[in-house]
Amino acid sequence: MKLPRNTLILILLALGLGGFVYLYEIRGATVREEINEQKQQIFSFAENDVQSLTVKTKKLTLNLERSSESSNPKWLIKSPISAPANDAIVSYLMDLLVKGKSDRTLSTPVKELGEFALDQPQATINITLKNRQSHQLILGKSNFNKRFLYAQADSVAKPDGNINVLLVSTDFANAVNRNLSEWQQPVDNSQKLPGLSTPLPTPTNGK
């Protein structure tokens with residue numbers, strides 16, 4: 001059965017409109033969401049891109065470097081002591097740096113950074129990549145409801161002279177405010193006292 005010309009035109013228009021709705025509303029929404037997530041990402045490097053880290057808190061300055069050997073540990077403490085690092089602790093921090101996102105961004109005059117404790121931060125993390133590029137994250141104080149930390153990431157003054165202040169997870173404070181002993185690889189007691197791993201002889205009760 002041959003469709004009337006007007007009906008055929010209407011069907012084609014409906015198909016075209018449906019395609020436009022899909023591309024703009026459905027596919028377009030996905031793209032816009034991806035772009036929005038990219039804007040919230042703190043850094044864009046991958047974990048394997050990182051060669052070294054320097055974590056400076058009010059009580060400790062720690063230099064970490066990726067091990068050149070494929071075996072454990074993946075990370076080494078270079079200073080203030082030379083020792084294998086606790087890979088779980090370093091990986092926790094690395095995961096935050098790689099996957100961490102900013103909840104929102106505040107454009108702030110440089111003279112007001114002290115209000116966020118960014119002029120005397122609780123911690124500064126310097127990151128050096130394998131390609132020699134460097135990044136920095138400065139952690140200030142918590143916001144009013146203690147849900148986020150004020151932070152600066154690779155801060156460069158904008159044309160208006162303001163600096164972007166980020167709101168990041170408080171997990172960053174938990175990740176860096178540690179004693180030196182926590183950064184070190186745990187001691188294997190069985191290696192430290194190998195004699196304890198040897199079964200003791202069974203008592204004979206003098207018989």
If we ignore hydrogens and angles and just use 3.5 Å, is the side chain of [X] paired with the main-chain N or O of [Y] as donor and acceptor?
| X | Y | result |
| --- | --- | --- |
| N179 | E182 | no |
| N126 | Q136 | no |
| Q152 | I138 | no |
| K141 | E115 | yes |
| D87 | K74 | yes |
| R66 | V50 | yes |
| K130 | N48 | yes |
| R132 | L129 | no |
| Q184 | I81 | no |
| D49 | A46 | yes |

Establish, from distance only, whether the side-chain atoms of [X] and [Y] form a donor-acceptor pair under 3.5 Å.
| X | Y | value |
| --- | --- | --- |
| T54 | N63 | yes |
| S107 | N162 | yes |
| N86 | Q185 | no |
| N177 | K59 | no |

Validation row: W75, L93 side chains within 4.5 angstrom (heavy atoms):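 Not in contact.
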In one Ile/Leu/Val/Met/Phe/Trp/Tyr side-chain cluster, 4.5 Å: F116, L149: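 Shared cluster, no.
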Shared hydrophobic cluster for V168 and F45 (ILVMFWY, side-chain gaps under 4.5 Å):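 Yes, V168 connects to F45 through the hydrophobic network.
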